[in-house]
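See structure below.
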Amino acid sequence: MTRPYVFVTRKLPDDIVAPIKDIAEVAMWPYDDIQVPRDVLMNEAKKADALLTMVSDVVDEEILEAGTSLKVVANMGVGFDNIDVSAATKRGIAVCNTPDVLTDTTADLTFALLLATARRVVEAAQWLKEGKWKSWSPLLLAGADVHHKTIGIVGMGKIGQAVAKRATGFDMNILYHNRSRNIEAEQKLGATYCSFEELLKAADFVVCLTPLTKETRHMFNSEAFRKMKRSAIFINAARGAVVDEQALYEALVSGEIAAAGLDVFEHEPIAASHPLLALTNVVALPHIGSATKETRVKMMELCCRNIIAVLKGKRPETLVNEELERS
């Protein structure tokens, strides 16, 4: 009997994928830092029973149509906007993600980004390295307090709740906006639900953690930034396309908002020449929200378990398109 064929779109440690090799033939793109070309992904999809993908891999209807034997796409990330889930569902292909295992790690990074932006940590470190520190000065590189301020979280899912939990340690007033009220966050964390407009007007720190959908694309636009305080700091650790980057740039340059901390961008990797990166009031990171060794290994292992489950005819642990089970 022919063994199933699995294609992994980045080089992963051999011991991580070893359990899949017990039941299937496994091929891996040989690089961990270079994205698999689309033509290679297309050719691999044509013969694969399973794909283990990264959030940067676009698995659209054309790829899924080519994958006539595909049974599962296991995506290494909590987000899955890079996959056409409806097209996969139509073809009976399971789509899996890696929630929960990265919640606290991503929340840590989000709050670190908030602190670094508020206290001008990156700018100050560079100032020191460039030999610009000549004397102590009363307002030298003075940033903004975080404690006792108001944080507004847009997207109160598990990561949003974890960020809110960290905000309680800074005695922050917690506002949130979500598609629906999160009673647990209100009861356990003292978070207050409000409209998007109310949040923008009241928050000292606006933290974007909403998933990317048709409704949320460019929800942070010129109009949104105009409603924020001039002293407000914007943090995005969700998806780049939730933000109109040109509008953000203009808001930062004009002083409509004070600063921004960004872990994600509309087009990744972002070009070093991008105007946002030239601004001293921007702290920019290369999409490292879940990037700790412990968490990334857990994400890889969960992807592998999901693939093994589907290939064995069992329910995967984290099925995105649960409607498959009802069809």
Side-chain angles (χ1 to χ4, degrees), residues 1-102 290-327:
M1 184 175 178
T2 305
R3 282 156 58 90
Y5 180 76
V6 179
F7 181 65
V8 184
T9 65
R10 288 292 194 286
K11 181 175 174 55
L12 303 183
D14 289 335
D15 61 320
I16 297 293
V17 298
I20 303 181
K21 292 182 178 180
D22 289 339
I23 66 165
E25 298 297 326
V26 178
M28 276 194 290
W29 178 242
Y31 307 101
D32 62 1
D33 58 347
I34 300 175
Q35 183 169 346
V36 61
R38 182 173 175 83
D39 61 333
V40 173
L41 180 58
M42 177 71 74
N43 289 333
E44 293 292 343
K46 290 177 180 178
K47 53 187 178 181
D49 295 276
L51 295 174
L52 197 164
T53 59
M54 309 296 128
V55 294
S56 54
D57 298 318
V58 177
V59 184
D60 55 18
E61 185 158 16
E62 186 180 17
I63 294 288
L64 295 167
E65 180 69 27
T68 54
S69 299
L70 265 181
K71 299 176 181 64
V72 57
V73 178
N75 202 47
M76 191 175 150
V78 65
F80 45 86
D81 51 273
N82 57 309
I83 300 172
D84 189 332
V85 178
S86 61
T89 304
K90 185 170 61 177
R91 292 168 173 79
I93 301 170
V95 175
C96 305
N97 63 340
T98 58
D100 303 329
V101 296
L102 53 69
S290 62
T292 65
K293 293 179 180 179
E294 300 95 330
T295 293
R296 288 286 169 87
V297 166
K298 289 177 183 177
M299 294 167 70
M300 296 173 197
E301 291 173 340
L302 179 51
C303 284
C304 292
R305 293 199 303 273
N306 280 330
I307 287 173
I308 291 169
V310 173
L311 294 182
K312 288 186 172 182
K314 299 178 181 179
R315 188 190 192 281
E317 294 177 37
T318 53
L319 182 64
V320 171
N321 48 349
E322 294 185 356
E323 55 268 39
L324 278 181
E325 295 189 326
R326 298 190 293 269
S327 59

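Source: prediction; values computed, not measured. Residue numbers start at 1 and run along the sequence shown.
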- prompt: Which heavy-atom pair separates Ala88 from Leu64 by the least distance, and what is that distance?
  reply: N-CD1, 3.6 Å
task: Quick one: closest heavy-atom pair of Met28 and Leu12, and the distance?
output: SD-N, 3.2 Å
- prompt: Got a sec, which pairs hit salt bridge (charged side-chain N to carboxylate O under 4.0 Å, His left out) with one end in residues 66-75, sequence neighbours left out?
  reply: Asp49-Lys71
- request: Can you sort out the partners of Ala18 under side chain to side chain contact (heavy atoms under 4.5 Å, CB included), two or more places apart, ordered by chain and number?
  value: none
Side chain proximity check, Asn82 to Ser56, heavy atoms < 4.5 angstrom: no
Residue pairs fulfilling ring pair (Phe, Tyr, Trp, His ring centres under 6.0 Å) with at least one residue in residues 52-71, sequence neighbours excluded: none
- prompt: How many angstroms lie between atom CD1 of Ile16 and atom CE of Met299, to the nearest 0.5 angstrom?
  reply: 12.5 Å
- prompt: Is there side-chain contact between Ser290 and Met76, with heavy atoms separated by less than 4.5 Å?
  reply: no
task: Side-chain contact test, heavy atoms from C-beta onward, threshold under 4.5 Å: evaluate it for Gln35 versus Val58 and give yes or no.
output: no
query: Looking at CD of Glu44 and CD1 of Ile63, how far apart are the two atoms once the value is rounded to the nearest 0.5 Å?
result: 11.0 Å
message: Before you tell me yes or no, could you show the steps for Arg10 and Asp57 under side chain to side chain contact (heavy atoms under 4.5 Å, CB included), namely the whole-Å CA-CA distance, both residues' side-chain angles and the distance that decides it to 0.1 Å?
response: CA-CA 10 Å; Arg10 288 292 194 286; Asp57 298 318; 3.6 Å; yes
query: Can you list every pair that meets salt bridge (charged side-chain N to carboxylate O under 4.0 Å, His left out) and has a residue in residues 81-100, with sequence neighbours left out?
result: Glu61-Lys90, Glu61-Arg91, Glu65-Arg91, Asp81-Arg239, Asp100-Lys158
- request: Run the numbers on Thr98 and Asn75 for side chain to side chain contact (heavy atoms under 4.5 Å, CB included), then give the verdict.
  value: CA-CA 7 Å; Thr98 58; Asn75 202 47; over 6 Å; no
field: Closest contact, heavy atoms only, Ala74 versus Cys303
entry: CB-O, 3.8 Å
field: Listed once per pair and sorted, the salt bridge (charged side-chain N to carboxylate O under 4.0 Å, His left out) pairs that draw on residues 12-32, sequence neighbours left out
entry: Arg3-Glu25
Single hit among Asn97, Val85, Ile93 for side chain to side chain contact (heavy atoms under 4.5 Å, CB included) with Val73: Ile93
- line: What one should report as the nearest heavy-atom pair of Ile34 and Trp29 is O-NE1, 2.9 Å
Distance-only donor-acceptor hits, side chain of residues 304-314, under 3.5 Å, sequence neighbours excluded:
| residue | atom | partner | partner atom | Å |
| --- | --- | --- | --- | --- |
| Arg305 | NE | Glu317 | OE2 | 2.6 |
| Arg305 | NH2 | Glu317 | OE1 | 3.2 |
| Asn306 | OD1 | Glu317 | N | 2.8 |
| Asn306 | OD1 | Thr318 | N | 3.4 |
| Asn306 | ND2 | Leu302 | O | 3.4 |
| Asn306 | ND2 | Thr318 | OG1 | 2.8 |

